[in-house]
Amino acid sequence: MSLRTSRLTGFYRLSLAERRCRLREAAGLPADGDAFAAVDPGALDLDQADGMIENVVGTYALPFAVAMNFCIDGSEVFVPMVVEEPSVVAAASNAARMARPRGFITEVSPPVMIGQIQIVHVADVEAGAAALRAEADALIAEARRMVPRLTDRGGGPRTLEIRELARSGPDGGVLVAHLHVDCRDAMGANLVNTLCEALAERIARIAGGRAGLRILSNLTDGRTVRVRCSIDDAELASADAAGPEVRAAIAAASRFAELDPYRACTHNKGIMNGVDAVLVATAQDWRAVEAGAHAFACRDGAYRPLAVWRERDGGLDGELLMPLAVGTVGGALHVHPGARLALELAGVTQADRLAAIAAAAGLATNLAALRALATEGIQRGHMALHARGLARAAGATGELVERVAAELAAIGDIKADRAREVYARLSATSVVKESP
Ligand code: NAD
């Protein structure tokens with residue numbers, strides 16, 4: 001799918017039905033049938049759900065949305081998002097609009113995962129490690145023969161790295177063999193685990209020890225995405241602050257995160273807002289990516305921000321580097337209809353493109369959060385959305401949602417009981433027609 005533009009102005013003001021129509025046309029989805037049936041309530045049927053996990057008693061819905069304005073590596077893209085938190089989609093779309101003149105530029109590494117084979121009670125770790133290194137080529141050749149189709153696709157086992165973990169202790173001498181596997185378009189966990197299990201006994205014998213655990217590492221530091229964007233001052237300016245002021249404040253916020261793990265953690269949470277929303281929409285293992293991201297964030301011993309922002313003459317440059325193990329085949333993708341629609345809307349067939357899009361979404365939500373913090377503070381926008389949610393929960397529909405939310409914001413008391421009070425009063429006196 002080649003998309004002409006991801007900039008559908010006023011999309012958020014349309015009704016849900018109008019949005020479907022507009023998006024279908026813009027994304028070139030088929031006009032016959034309902035292009036969005038895959039994200040209708042109940043689209044994942046109970047039988048499918050029952051086959052996915054254990055002890056199923058139902059399915060659980062979350063909103064499915066599309067972030068606008070993204071231009072990634074020169075291509076326009078609709079970014080699918082599933083998230084329960086208000087303001088993430090709006091934040092991503094706003095930041096992508098600011099970044100649009102140049103767009104997001106990404107570099108995605110080859111999709112190399114690490115499988116770990118632990119070897120315990122190695123009598124002589126140095127000799128064991130040397131023996132394994134001497135046999136590495138033969139072991140890789142054997143591993144490649146186990147995955148002929150993956151090898152034919154240009155992937156497969158690449159290298160074997162041996163690390164010494166302990167010379168003595170409760171587990172004796174401990175070595176770990178890292179099997180590096182290019183997983184192409186698969187996330188690769190099952191694939192790598194199968195290879196590790198198949199090779200473990202032979203590897204332990206060569207090392208002169210016993211096989212311990214054999215499983216992938218989620219610290220996929222060989223499978224990373226770097227994404228950059230560059231925003232001009234004019235784009236950064238807000239109603240109350242000039243561009244250079246906002247730019248300086250964002251760069252200062254980045255330095256704060258670089259100095260302090262307490263801040264870095266929240267900074268990274270803002271990145272994961274965008275990343276995870278894309279991962280959930282596309283049925284990825286977001287726990288795996290989360291675990292990898294945070295382990296990567298403290299790879300030099302201190303927990304650091306995954307993205308940093310620097311001032312340049314007339315603007316701001318941002319760069320995010322993180323591990324991102326995702327797949328466009330395997331996992332839950334073969335059963336989940338919404339995830340397949342998400343990939344179609346994003347125009348994604350390959351894992352590296354999905355990783356690039358998730359990372360760009362992460363840099364966008366990071367930028368939006370920092371800009372809000374640097375200007376009006378994050379709560380104003382956030383609480384306005386929260387007020388609408390409370391108004392709906394109190395029973396308001398149609399125009400009353402906005403009226404209840406506006407009153408809650410005006411009195412500065414955005415709480416559920418106050419929303420019920422305001423709604424009760426406004427609905428009793430309202431001449432405004434509620435939506436049916
Ligand atoms: P999978 O088991 O479904 O295997 C993917 C398969 O797709 C491969 O066997 C391959 O033969 C095939 N394939 C078809 N076209 C391909 C292409 N172009 N490139 C690559 N492979 C292609 O999925 P997986 O990716 O091996 O494992 C992912 C699943 O494992 C996820 O559901 C994840 O939640 C789960 N998991 C994760 C962990 C962890 O992260 N620690 C541990 C265990 C399982």
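Atoms considered below: every heavy atom in the structure, side chains included; atoms not considered: hydrogens, waters and symmetry mates. Indexing begins at 1, ligand by ligand and atom by atom, following the structure's order. Numbering of residues begins at 1 and proceeds along the displayed sequence.
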Engineer: Return the residue, atom name and 0.1 Å-rounded distance of the protein heavy atom closest to atom 39 (C) of ligand 1.
Structural biologist: Leu216 CD2, 3.6 Å

Engineer: Which atoms of ligand 1 have any heavy atom of Cys183 under 4.0 Å away?
Structural biologist: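 Those qualifying, in numeric order: 19 (N), 20 (C).
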
Engineer: Only heavy atoms of Asn193, strictly under 4.0 Å: list the atoms of ligand 1 that pass.
Structural biologist: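 Checking each atom against Asn193, I get 42 (C), 43 (C).
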
Engineer: Answer yes if a protein heavy atom lies under 4.0 Å from atom 6 (C) of ligand 1, otherwise answer no.
Structural biologist: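 Within 4.0 Å of atom 6 (C) of ligand 1, no protein heavy atoms are found.
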
Engineer: So if I count the atoms of ligand 1 from 1 in the order they appear, which ones are less than 4.0 Å from some heavy atom of Asn218?
Structural biologist: 39 (C), 40 (O), 41 (N)

Engineer: Got more than 12 heavy atoms from elsewhere within 6.0 Å of CG, Asp137?
Structural biologist: no

Engineer: Could you tell me whether Glu235 and Arg102 have a side-chain N and a carboxylate O separated by less than 4.0 Å?
Structural biologist: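 A salt bridge is absent here (no side-chain N lies under 4.0 Å from a carboxylate O).
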
Engineer: Heavy atoms only: which of Arg184, His334, Arg153, Arg287 lies closest to atom 15 (N) of ligand 1?
Structural biologist: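 The option holding the nearest heavy atom is Arg153.
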
Engineer: Ignoring hydrogens, just give me the one of Val147, Ile215, Leu191 whose non-hydrogen atom is nearest atom 9 (O) of ligand 1.
Structural biologist: Leu191

Engineer: In plain terms, say whether Arg287 and Asp276 are close enough for a salt bridge, that is, a side-chain N and a carboxylate O under 4.0 Å apart.
Structural biologist: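 Salt bridge flag = no for Asp276 with Arg287.
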
Engineer: Can you report which non-hydrogen protein atom sits closest to atom 31 (C) of ligand 1, along with the distance?
Structural biologist: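 Here the nearest protein heavy atom works out to Gly331 CA, 4.1 Å.
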
Engineer: Counting non-hydrogen protein atoms only, what is the nearest one to atom 36 (N) of ligand 1? Give residue, atom name and distance.
Structural biologist: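 Nearest protein contact, heavy atoms only, for atom 36 (N) of ligand 1 is Ala189 CB, 3.4 Å.
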
Engineer: Do me a favour and list the nearest non-hydrogen protein atom to atom 19 (N) of ligand 1 with residue, atom name and distance?
Structural biologist: Asp185 N, 3.0 Å

Engineer: Does Arg144 CZ have over 12 foreign heavy atoms under 6.0 Å away?
Structural biologist: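 Atom CZ in Arg144 is crowded, with more than 12 foreign heavy atoms closer than 6.0 Å.
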
Engineer: Just need the protein heavy atom nearest to atom 44 (C) of ligand 1, so name the residue and atom and give the distance.
Structural biologist: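 Among all protein heavy atoms, the one nearest atom 44 (C) of ligand 1 is Asn190 OD1, 3.6 Å.
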
Engineer: Go through ligand 1 atom by atom and flag the ones less than 4.0 Å from a non-hydrogen atom of Met187.
Structural biologist: 25 (O), 28 (C), 40 (O)

Engineer: Which protein heavy atom lies closest to atom 33 (C) of ligand 1, and at what distance to 0.1 Å?
Structural biologist: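 Ranked first by proximity to atom 33 (C) of ligand 1 is Asp285 OD2, 3.3 Å.
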
Engineer: Could you tell me whether Arg228 and Glu107 have a side-chain N and a carboxylate O separated by less than 4.0 Å?
Structural biologist: yes

Engineer: Is Arg4 paired with Glu25 through a side-chain N to carboxylate O contact shorter than 4.0 Å?
Structural biologist: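 Salt bridge between Glu25 and Arg4, a charged N being under 4.0 Å from a carboxylate O: no.
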
Engineer: Run the numbers for me: atoms of ligand 1, each under 4.0 Å from some heavy atom of Ala288, listed by number.
Structural biologist: 40 (O)

Engineer: Check Glu319 with Arg226, please: is the shortest side-chain N to carboxylate O separation under 4.0 Å?
Structural biologist: yes

Engineer: Taking the minimum heavy-atom distance to atom 25 (O) of ligand 1, which of Gly330, Gly292, Gly188, Pro111 ranks first?
Structural biologist: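 Nearest option to atom 25 (O) of ligand 1, by heavy atoms: Gly188.
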
Engineer: Grab the two heavy atoms, one from Val192 and one from Cys183, that are nearest each other, plus how far apart they are.
Structural biologist: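 In this case the closest contact between Val192 and Cys183 is CG2-SG, 3.9 Å.
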
Engineer: Answer yes or no: is there an ion pair linking Asp40 with Arg20, defined by an N-O contact shorter than 4.0 Å?
Structural biologist: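 A salt bridge is present here (some side-chain N lies under 4.0 Å from a carboxylate O).
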
Engineer: Would Glu402 and Arg13 pass as an ion pair if we require N to O under 4.0 Å?
Structural biologist: no

